[in-house]
Each structure stands twice: as structure tokens, then as C-alpha cells.
**Q** 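Provided herewith is a single structure, encoded as C-alpha cells, for subsequent inquiry.
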Amino acid sequence: AQAFASRSPLVADVDPVLSGVALADGAIAVVGAGTGLGKAALFPDGHGGYVGGPSEGGHTNFCPENQREFEFSEFVRNKLDAPYAVWDTVVSGRGLSLIHEFLTGEALEPKDVAEKALSVETETLEWASRFYGRVVRNFALETFALGGVYIAGGVASKNPRLLSHTAFEESFRTSAKYAELLAGIPVTLIDNQESGLWGAAYYGLQELRRL
């Protein structure tokens with residue numbers, strides 16, 4: 001439903017978080033972090049509509065890139081008694097608490113982390129922004145999302161600084177091979193809390209037109 005919301009009038013006049021040029025016949029990636037991490041993609045069906053592709057990619061391994069991030073991954077694994085850290089935990093609301101506790105030693109609920117550490121420049125904000133940019137970049141490459149990337153979910157809509165922070169763009173655009181491709185992909189925030197309903201309605205209309 002969130003994926004199809006990206007085709008609805010809901011986002012027609014929304015300015016992208018990161019600029020780019022979306023190809024009309026390109027795949028579209030949608031990523032949404034809230035209590036967990038949701039992913040879905042839309043692929044043109046060749047008849048003016050789209051086919052939705054679900055995903056459980058939120059449960060793939062978190063990918064640390066330096067020693068301190070490896071230490072964070074081990075912290076999450078031990079904290080949750082899990083075999084490995086997953087993106088569903090790291091960039092969700094729960095992830096905000098885990099990042100903040102790892103960096104500061106202070107255990108807070110997600111809403112308290114947002115009030116204390118995401119409204120101003122902090123290391124917690126930088127880390128959370130960097131991780132969100134990384135997971136969005138990975139899914140954009142996995143789906144070859146030349147039609148654009150859309151971000152949904154309460155984490156970003158309630159904490160837009162996660163996307164406006166320079167760490168988000170730096171992380172999203174970074175690639176040894178595909179930096180140029182990523183530089184051209186627009187990223188847009190869907191911040192309407194009823195976007196799922198819009199997406200369901202759009203899908204219903206699309207199916208009615210096929211009758």
C-alpha cells in the first residue's frame with residue numbers, strides 16, 4: 001500500500017529530499033521505518049500500471065563499515081540475544097534507542113531519543129541518518145530504482161532531520177561503482193499518515209481499469 005501511494009496524487013507536489021530525474025519506465029523503491037523496517041518495489045507492467053513486489057529485506061544483516069560500527073553491531077546482537085544485527089532493528093524506532101544507548105550509555109525510549117538527540121546536532125543524529133541513507137541506497141541498487149525512491153514510515157516523517165542531515169545524502173550517494181547512477185535518483189519523503197489508504201485506493205483504481 002505504501003508503494004502504490006507513491007503513484008497517487010498525495011505526492012504530486014512534494015519536493016524531493018534529494019534531487020534527481022525519475023525515469024517514467026523505471027522501477028520504484030519504497031522504504032519505510034517505523035516499529036520495524038518495510039520495503040517494497042513497483043515495476044512498470046507495460047500497460048500504464050505497476051506490479052508490486054513485496055520484500056522482507058528489513059531482516060537482512062546490518063552491514064557495518066568500520067571498527068566502531070562492528071562494535072555497535074556486537075552491542076545490538078548481545079542486547080537482543082540475536083544471532084546477528086538486522087536492519088529492521090537498526091533503523092526502526094527501536095534502533096534509535098539502541099544507537100543512542102551505544103553512543104552515550106543512556107537508555108531512552110524512541111520518543112525521548114527524538115526529543116533529546118534528533119532535534120539538534122548530535123552523534124546519535126549523525127549515526128541514525130547515516131544508517132538510514134545506507135539502507136535506502138542498498139535497496140535502490142537492489143531494485144535498480146531509476147523511477148525514484150520514496151521513504152515512508154513514522155521514523156522519518158516524525159524526524160525529518162534524519163533525511164536533511166548531510167550524513168544521509170553522503171551515505172546514499174556513496175558507491176565505488178554506481179555513484180553517478182545514485183546521484184541521479186530522486187529521493188522523496190511520504191509524510192502523510194494516511195498514505196497507506198491512498199496507496200490502497202490507487203491500486204484499486206488500477207485494477208478496476210483492467211476490467
Side-chain angles (χ1 to χ4, degrees), residues 2-3 17 29-41 53-119 121-143 145 149-178 182 187 189:
Q2 294 288 1
V17 174
V30 180
V31 180
T35 54
L37 176 65
K39 295 182 178 180
S55 170
E56 285 296 346
H59 296 278
T60 56
N61 296 52
F62 165 69
C63 49
E65 294 183 354
N66 56 53
Q67 182 57 40
R68 202 167 182 214
E69 288 185 6
F70 274 104
E71 293 169 3
F72 169 69
S73 181
E74 188 69 0
F75 169 80
V76 172
R77 190 184 71 80
N78 290 331
K79 188 82 174 177
L80 304 182
D81 192 24
Y84 49 82
V86 298
W87 284 112
D88 186 77
T89 300
V90 171
V91 299
S92 63
R94 190 178 193 181
L96 297 177
S97 295
L98 289 167
I99 291 169
H100 188 72
E101 184 176 356
F102 172 76
L103 294 174
T104 68
E106 186 178 35
L108 297 175
E109 291 297 317
K111 64 180 181 61
D112 297 320
V113 174
E115 292 175 2
K116 183 173 183 178
L118 301 186
S119 60
E121 185 63 35
T122 63
E123 193 175 20
T124 297
L125 172 63
E126 192 274 332
W127 274 53
S129 179
R130 172 159 34 99
F131 290 160
Y132 212 140
R134 189 179 304 169
V135 76
V136 172
R137 175 196 68 203
N138 289 348
F139 196 50
L141 291 174
E142 288 160 2
T143 56
V149 175
Y150 291 81
I151 296 176
V155 169
S157 64
K158 295 176 182 177
N159 306 286
R161 284 176 63 95
L162 288 171
L163 307 187
S164 62
H165 194 284
T166 56
F168 178 85
E169 180 173 8
E170 290 171 1
S171 189
F172 178 77
R173 304 292 198 201
T174 297
S175 172
K177 188 172 183 178
Y178 288 109
L182 290 164
V187 178
L189 172 64

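All residue numbers refer to positions in the sequence shown, counting from 1.
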**Q** In sequence, state the C-alpha distance, the side-chain angles, and the governing distance for Val187 and Tyr150, and then conclude on side chain to side chain contact (heavy atoms under 4.5 Å, CB included).
**A** CA-CA 6 Å; Val187 178; Tyr150 291 81; over 6 Å; no
**Q** Less than 4.5 Å apart, any side-chain heavy atom of Val17 and any of Ile151?
**A**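 They are not in contact (no side-chain heavy atoms under 4.5 Å apart), so the answer is no.
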**Q** Could you report the tightest heavy-atom contact between His100 and Thr104, atom names first, then the distance?
**A**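 It is O-OG1, 2.6 Å.
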**Q** Whether the side chain of Trp87 engages the backbone of Asn61 through a donor-acceptor N/O pair (distance < 3.5 Å, no angle test) should be reported.
**A**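 Checked: pair present.
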**Q** Could you please spell out the steps behind the side chain to side chain contact (heavy atoms under 4.5 Å, CB included) verdict for Glu123 and Phe102?
**A** CA-CA 11 Å; Glu123 193 175 20; Phe102 172 76; over 6 Å; no
**Q** Is there a donor-acceptor pair under 3.5 Å between the side chain of Arg134 and the backbone N or O of Cys63?
**A**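 Flag set: sc Arg134 to bb Cys63 pair under 3.5 Å.
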**Q** Is the backbone N or O of Glu126 less than 3.5 Å from a side-chain atom of Ser129, with the two atoms forming a donor-acceptor pair by type?
**A**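 Here the side-chain-to-backbone pair does not exist.
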**Q** Working to the nearest 0.5 angstrom, can you tell me the gap between Arg77 CZ and Glu74 CD?
**A**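 Reported value, rounded in 0.5 Å steps: 4.0 Å.
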**Q** Could you tell me which non-hydrogen atom of Ala128 sits nearest to which non-hydrogen atom of Leu96, and how far apart they are?
**A**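 Minimum heavy-atom contact is CB-CD2, 3.9 Å.
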**Q** Examine distances only and state if a side-chain atom of Thr143 and a backbone atom of Phe139 form a donor-acceptor pair shorter than 3.5 Å.
**A**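 Checked: pair present.
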**Q** Please name the pair of heavy atoms, one in Ala167 and one in His165, separated by the smallest distance, quoted to 0.1 Å.
**A**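 For Ala167 and His165, the tightest heavy-atom pair comes out as N-ND1, 2.9 Å.
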**Q** Side chain to side chain contact (heavy atoms under 4.5 Å, CB included), that's the test. Do Phe72 and Phe131 meet it? Break it down for me.
**A** CA-CA 12 Å; Phe72 169 69; Phe131 290 160; 3.8 Å; yes
**Q** Any side-chain heavy-atom pair from Glu65 and Arg130 closer than 4.5 angstrom?
**A**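 Glu65 does not reach Arg130 side chain to side chain.
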**Q** Heavy atoms only: give me the nearest Arg137-Ser171 pair and the separation to one decimal.
**A**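 Heavy-atom minimum between the residues: NH1-O, 3.0 Å.
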**Q** Could you report the tightest heavy-atom contact between Glu106 and Lys116, atom names first, then the distance?
**A**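 Distance-wise, the nearest heavy atoms are OE2-NZ, 2.7 Å.
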**Q** Where the side chain of Asn159 meets the backbone of Leu162, is there a donor-acceptor pair that is under 3.5 Å apart?
**A**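 Not at all, since once roles are kept as given, no pair shorter than 3.5 Å links the two residues.
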**Q** Is a donor on one side and an acceptor on the other found under 3.5 Å between the side chain of Thr122 and the backbone of Ala117?
**A**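 Indeed, once roles are kept as given, a pair shorter than 3.5 Å links the two residues.
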**Q** Step by step, would you call Leu182 with Phe172 a side chain to side chain contact (heavy atoms under 4.5 Å, CB included)?
**A** CA-CA 7 Å; Leu182 290 164; Phe172 178 77; 4.1 Å; yes
**Q** According to side-chain contact (heavy atoms from CB on, under 4.5 Å), who are the partners of Lys79, at least two apart in sequence or on a separate chain?
**A**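 Expected list: Phe75, Leu98, Glu101.
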**Q** Taking only residues two or more places apart in sequence, or in another chain, which ones meet Ala33 in a side-chain contact (heavy atoms from CB on, under 4.5 Å)?
**A**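 Ala33 satisfies side-chain contact (heavy atoms from CB on, under 4.5 Å) with Leu37, Val91, Tyr132, Val155 only.
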**Q** Where do Pro160 and Ser157 come nearest, in terms of heavy atoms and distance?
**A**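 Where Pro160 meets Ser157 most closely, the heavy atoms are CD-O, 3.8 Å.
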**Q** Mind checking whether Ile99 and Leu103 have side chains closer than 4.5 Å, heavy atoms only?
**A**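 Yes. Closest side-chain heavy atoms under 4.5 Å.
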**Q** A side-chain contact here means heavy atoms from C-beta on lying under 4.5 Å apart; do Arg161 and Glu121 qualify?
**A**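 In short, these two side chains touch, coming nearer than 4.5 Å.
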**Q** Does Arg94 use its side chain to pair, donor to acceptor, with the backbone of Thr89 at less than 3.5 Å?
**A**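 Checking the backbone N and O of Thr89 against the side chain of Arg94, no donor-acceptor pair under 3.5 Å is found.
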